[in-house]
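What follows is one structure encoded as structure tokens, with my remarks underneath.
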Amino acid sequence: MTAEPIRLLLADDHPIVRAGLRAVLDTEPDFTVAGEAATAERAVELAASGGFDVVLMDLQFGAGMHGSAATAAITARPGAPRVLVLTTYDTDADILAAVEAGAAGYLLKDAPPEELAAAVRTAAAGQSALAPAVAHRLMDRMRTPAEALTRRELEVLQLVGDGLSNLQISKRLFLSQATVKSHLVHIYAKLGVESRTAAVAAAGARRLIRQPG
């Protein structure tokens, strides 16, 4: 008796990326690309309709819903497909957001085809599929928990790097300005810096957040 193929949903806002993924995945006899989504919102809608085993999820979708938010929405449903994040970003902020949202794996887009195929099978089997570099970063955080920025601190610092003021950050994250300032104090202490600019530069150099621009 032949096993049912693993049914995949490709969620990425770039048609060329989706076409490239489909070309690679279609060569695997146990995979079938059963759907595509150009927005995170569409990915959530399709995943809820059933018929998929694994969703390959990008993180950035232009001005729409973020891939991590879509991952959380998908995985919150009973019997949901597994979500494998496939992105170009390997910062702590992105990795933690995806893992906490319920992603079954996290892979970078420059992964070789055989690594991608293996990760899909691992995710479909209900196991964790992390790229070696991503697993290494998570292990480093576990070894030095006192020095590691929390998920919220990374979120605040990423918004600082994006050019938002404390007031704008407080509105975006539904926090008081005093709480934002408190997070920044802790961030400065952990990074050994004394200013917003220095914090962003240090975090960018250590790949904790995405570099500005």
Side-chain angles (χ1 to χ4, degrees), residues 6-14 17-18 21-22 24-25 28 31 33-62 64-142 148-155 158 173 207-210:
I6 297 171
R7 298 159 299 174
L8 306 175
L9 170 60
L10 309 182
D12 195 292
D13 60 342
H14 292 96
V17 172
R18 295 199 306 274
L21 284 172
R22 180 182 281 273
V24 169
L25 296 166
E28 300 293 333
F31 293 170
V33 178
E36 297 186 16
T39 66
E41 289 86 351
R42 180 60 175 158
V44 173
E45 182 183 336
L46 286 173
S49 70
F52 301 100
D53 300 306
V54 177
V55 180
L56 274 70
M57 177 72 70
D58 193 15
L59 289 182
Q60 287 293 103
F61 287 86
M65 176 186 278
H66 192 270
S68 291
T71 297
I74 290 170
T75 58
R77 291 176 175 270
R82 307 280 284 174
V83 178
L84 176 62
V85 169
L86 186 63
T87 182
T88 56
Y89 305 110
D90 65 345
T91 68
D92 283 20
D94 288 308
I95 294 167
L96 287 181
V99 171
E100 290 187 9
Y106 197 107
L107 210 62
L108 301 179
K109 285 184 177 176
D110 60 1
E114 59 272 18
E115 189 175 323
L116 173 59
V120 169
R121 292 188 185 99
T122 299
Q127 299 172 346
S128 178
L130 297 175
V134 171
H136 182 71
R137 292 189 70 79
L138 290 176
M139 288 297 292
D140 279 348
R141 288 182 58 85
M142 291 176 65
L149 298 188
T150 66
R151 162 80 193 287
R152 180 62 91 184
E153 288 166 356
L154 287 167
E155 208 170 13
Q158 182 66 69
L173 299 181
R207 296 208 314 278
L208 301 180
I209 62 171
R210 298 179 195 172

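The backbone N or O of T91 lies less than 3.5 Å from no partner atom in the side chain of R137, so there is not a single donor-acceptor pair. Using modelled atom types, no side-chain atom of R42 and backbone atom of A37 make a donor-acceptor pair closer than 3.5 Å. Judged by distance alone, with hydrogens and angles left aside, the side-chain atoms of E41 form no donor-acceptor pair with the main-chain N or O of G64 at under 3.5 Å. Side-chain atoms of R82 come within 3.5 Å of backbone atoms of Q127 as a donor-acceptor pair (strictly under, hydrogens ignored).
Shown here for G62 and D13, the closest heavy-atom pair between the two residues is N-OD2, 3.6 Å. Closest approach of A43 and L9 over heavy atoms only: O-CD2, 3.8 Å. Between A40 and A70 the shortest heavy-atom distance is CB-CB, 3.7 Å.
For the atom pair I209 CD1 and E153 CD, the distance stands at 12.5 Å (nearest 0.5 Å). Summarising the geometry, atom CG belonging to D12 is positioned 9.5 Å from atom CG belonging to L56; distances are rounded to the nearest 0.5 Å. Within the model, atoms CG of L46 and CD of E36 stand 10.5 Å from one another, a figure rounded to the nearest 0.5 Å.
Identified under the salt bridge (charged side-chain N to carboxylate O under 4.0 Å, His left out) test for residues 121-133, with sequence neighbours left out: E28-R121, D30-R121.
Heavy atoms from other residues, nucleotides or ligands lying under 6.0 Å from CZ of R151 number more than 12.
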**Prompt:** Which is it for R141 and D92 under the salt bridge (charged side-chain N to carboxylate O under 4.0 Å, His left out) test, yes or no, and what are the steps along the way?
**Reply:** CA-CA 9 Å; R141 288 182 58 85; D92 283 20; 3.4 Å; yes
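For P132, the side-chain contact (heavy atoms from CB on, under 4.5 Å) partners are E115, not counting sequence neighbours.
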